[in-house]
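Comments concern the structure below.
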Protein chains: 2
Amino acid sequence: MLSKKTKYGIKALTYIARQPSKKPVQTAEIAESENISHKFLESILVQLRKAGFLGAKKGKGGGYYLIKDPAEIPMTTIIRILEGPIAMVPCVSLNYYEKCDDCKDEVTCSVHQLMIQVRDSTLKVLGNNTLADITKQ
Amino acid sequence: MLSKKTKYGIKALTYIARQPSKKPVQTAEIAESENISHKFLESILVQLRKAGFLGAKKGKGGGYYLIKDPAEIPMTTIIRILEGPIAMVPCVSLNYYEKCDDCKDEVTCSVHQLMIQVRDSTLKVLGNNTLADITKQ
DNA sequence: TATTACCCTATCGGAATAGTAGGTTAATAG
DNA sequence: CTATTAACCTACTATTCCGATAGGGTAATA
């Protein structure tokens, strides 16, 4: 399951990317439009700024704006920042690998082999979709 | 992320399916072999029995045995029983649909459209793999 | 009749999620 | 220069869920 944090983060990025002008967008505006708790959204956008997706401007007329070209941001990178691993089991995660403490042998583990397939198909979808792609929809 | 419950359940089913004879397998044996908490595993197997995957025999020489042909059990059905929805967001779940309370319109929601693609690719993988398939590996 | 092994209910600690609260800092407008 | 604006930061909290544990009850076998 996708956490609300990730969901809200993607929706916020989409909202910003859909702006006709490049002027900063206020968190309050996004929060109201997307029905997200204002304070919760703030913490998410701070994280996205620190990750290099967004720039921020303080004071009146301030807000958040995109730094990178939406067409250059695959959804995998956004989700990895907000959600963490994309794989359904740590032992098949490419970026957050962790060995199962119960598993003797990954090669003969039925779950492991199956989840590799799921991971690959998911990565394919999320890798082929950029922020620009999902903004169009 | 896959819960340990689902992971253990799949491993247990695989363990039973890999038995050379059709004699019942004890929970204690599975728990020890797969490094699963015995009591926790019991509760999982009860659920799989109630769902119609397993039969149980009490008393000495008792245990659990497969009722259906492993080749006739797609992984989707097992995961849906143990984990619940396969989709990453309730609003794109086929079997456990729930409307988002924050979303105005699913059609224009970027997350919604993206997660439909993820769901479909995941369903394809899990639907094409049966218990027999992952047992072979 | 004793043993075995599934079955049932209840409980529980810990971690994570989804916020909430309250103040601080920096930029802009007047 | 000052007031306002809006991002920024820290800390706290309520709730939920997960994974597991405890302790016995029930049915089948030897």
Side-chain angles (χ1 to χ4, degrees), chain A residues 1-12 15-16 23-51 53-67 82-85 88-90 96 98 100-103, chain B residues 1-12 16 23-51 53-67 82-85 88-90 96 98 100-102:
Chain A
M1 276 287 156
L2 209 68
S3 66
K4 295 211 167 179
K5 180 176 152 190
T6 305
K7 187 183 162 197
Y8 292 164
I10 295 173
K11 288 179 90 173
Y15 188 91
I16 298 172
K23 275 188 287 186
V25 190
Q26 284 101 38
T27 55
E29 181 187 331
I30 304 173
E32 197 188 359
S33 172
E34 301 291 333
N35 294 306
I36 304 171
S37 149
H38 185 194
K39 285 286 192 179
F40 189 30
L41 178 63
E42 273 193 335
S43 69
I44 298 167
L45 294 183
V46 165
Q47 197 180 342
L48 288 170
R49 177 183 58 77
K50 288 180 177 167
F53 296 112
L54 294 175
K57 205 180 157 190
K58 288 188 178 180
K60 186 162 189 177
Y64 287 96
Y65 51 91
L66 279 175
I67 286 184
L82 294 173
E83 189 77 10
M88 295 187 76
V89 181
Y96 300 83
E98 246 176 272
C100 303
D101 41 349
D102 58 294
C103 239
Chain B
M1 276 288 155
L2 208 67
S3 66
K4 293 211 170 179
K5 181 175 150 189
T6 305
K7 186 182 160 196
Y8 293 164
I10 295 173
K11 287 179 92 172
I16 298 172
K23 274 187 287 185
V25 191
Q26 284 100 41
T27 56
E29 180 187 333
I30 304 173
E32 197 189 359
S33 172
E34 301 291 332
N35 294 305
I36 305 171
S37 148
H38 185 192
K39 285 286 193 179
F40 188 30
L41 178 63
E42 274 191 336
S43 69
I44 298 168
L45 294 184
V46 165
Q47 198 180 340
L48 288 170
R49 177 183 58 79
K50 287 180 178 169
F53 296 112
L54 295 174
K57 203 182 158 189
K58 288 188 178 180
K60 186 162 191 178
Y64 286 96
Y65 52 92
L66 279 175
I67 286 184
L82 293 173
E83 189 78 9
M88 295 187 76
V89 182
Y96 299 83
E98 246 176 273
C100 303
D101 41 349
D102 58 295

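A, B, ... follow the sequence lines: proteins, then strands. Residue 1 opens every chain.
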Self-check item: Ile44(B) CD1 to dT21(D) C1', straight-line distance once rounded to whole Å
Solution: 14 Å

Self-check item: Whole angstrom value for the distance that separates P of dC6(C) from NE2 of His38(B)
Solution: 6 Å

Exercise. Report which part of the nucleic acid Lys4(B) touches: base, sugar-phosphate, or nothing (heavy-atom distance under 4.0 Å, all strands).
Key: sugar-phosphate

Self-check item: Candidates dA5(C), dT21(D), dC7(C) - which lies nearest the side chain of Gln26(B)
Solution: dA5(C)

Practice problem: State whether Ser3(B) places a side-chain N or O below 4.0 Å from either non-bridging phosphate oxygen (OP1 or OP2) of dC17(D). | Solution: no

Quiz item: Tyr8(A) side chain N/O closer than 4.0 Å to the phosphate oxygens (OP1, OP2) of dG19(C)?
Solution: yes

Quiz item: Which is true for Ser43(B) with a 4.0 Å heavy-atom rule: it touches a base, it touches only sugar-phosphate, or it touches nothing?
Solution: nothing

Quiz item: Just wondering, are more than 12 heavy atoms of other shown residues or ligands nearer than 6.0 Å to CD in Glu29(A)?
Solution: yes

Exercise. Give a yes/no on whether any side-chain N or O of Lys50(B) is located under 4.0 angstrom from OP1 or OP2 of dC6(C).
Key: no

Exercise. Please round to the nearest 0.5 Å and tell me the distance separating atom CD1 of Ile44(A) and atom CD1 of Ile10(A).
Key: 10.5 Å

Quiz item: Which part of the nucleic acid does Lys7(A) contact within heavy-atom distance under 4.0 Å: base, sugar-phosphate only, or nothing?
Solution: nothing

Self-check item: Straight-line distance of Asp102(A) CG to Lys11(B) NZ, nearest 0.5 Å
Solution: 4.0 Å

Quiz item: Of Thr6(A) and Val25(B), whose nearest nucleotide on DNA chain C comes first from the 5' end?
Solution: Val25(B)

Quiz prompt | Rounded distance (nearest 0.5 Å) linking atom CD1 of Ile16(A) with atom CZ of Phe53(A) | solution = 12.0 Å

Practice problem: Strictly below 4.0 Å, heavy-atom distances to any atom of DNA chain C: list the hits from residues 53-63 of chain A, or just say none. | Solution: Lys57(A), Lys58(A), Gly59(A), Lys60(A)

Exercise. Give the stems involving DNA chain C, where a stem is 3 or more consecutive Watson-Crick or G-U wobble pairs (i with j, i+1 with j-1, and so on) under 3.5 Å.
Key: C:1-30 with D:1-30

Exercise. Work out which heavy atom in Leu2(A) is nearest to a heavy atom in Glu83(A); give both atom names and the distance.
Key: CA-OE2, 3.8 Å

Quiz item: Can you tell me how far the CD atom of Glu32(A) sits from the CD atom of Gln26(A), to the nearest 0.5 Å?
Solution: 11.5 Å

Self-check item: Atom pair distance, as rounded to whole Å: NZ in Lys23(A) and P in dA6(D)
Solution: 13 Å

Quiz item: Measuring from Ile30(B):CD1 to Ile36(B):CD1, what's the distance to the nearest 0.5 Å?
Solution: 7.5 Å

Quiz item: Do Ile67(A) and Leu54(A) come within less than 4.5 Å of each other through their side chains, counting heavy atoms only?
Solution: no

Exercise. Rounded off to whole Å, could you give me the CG-to-P distance for the Leu45(A) and dC9(D) pair?
Key: 13 Å

Quiz item: Glu83(B) CD to dG19(D) C1': how many Å, rounded?
Solution: 13 Å

Quiz item: Once you round to the nearest 0.5 Å, how far does NZ of Lys23(A) lie from NZ of Lys57(A)?
Solution: 10.0 Å

Quiz item: Where is the tightest heavy-atom contact between Ala56(B) and Tyr64(B), given as atom of each residue plus distance?
Solution: CB-CE2, 3.6 Å

Quiz item: Given atom CD of Glu32(A) and atom C1' of dA6(D), what is their separation to the nearest angstrom?
Solution: 15 Å

Quiz prompt | Polar pair under 3.5 Å, donor/acceptor by atom type, side chain Glu42(B), base dC7(C) | solution = yes

Quiz item: So does Thr27(B) get a side-chain nitrogen or oxygen closer than 4.0 Å to the phosphate oxygens (OP1/OP2) of dA5(C)?
Solution: no

Practice problem: Return the value, rounded to whole Å, for the distance between atom CZ of Phe40(B) and atom P of dG23(D). | Solution: 19 Å

Exercise. Let me know the distance between CG of Leu82(B) and P of dG19(D), rounded to the nearest Å.
Key: 12 Å

Quiz item: Does OP1 or OP2 of dC8(C) have a side-chain N or O of Arg49(B) closer than 4.0 Å?
Solution: yes

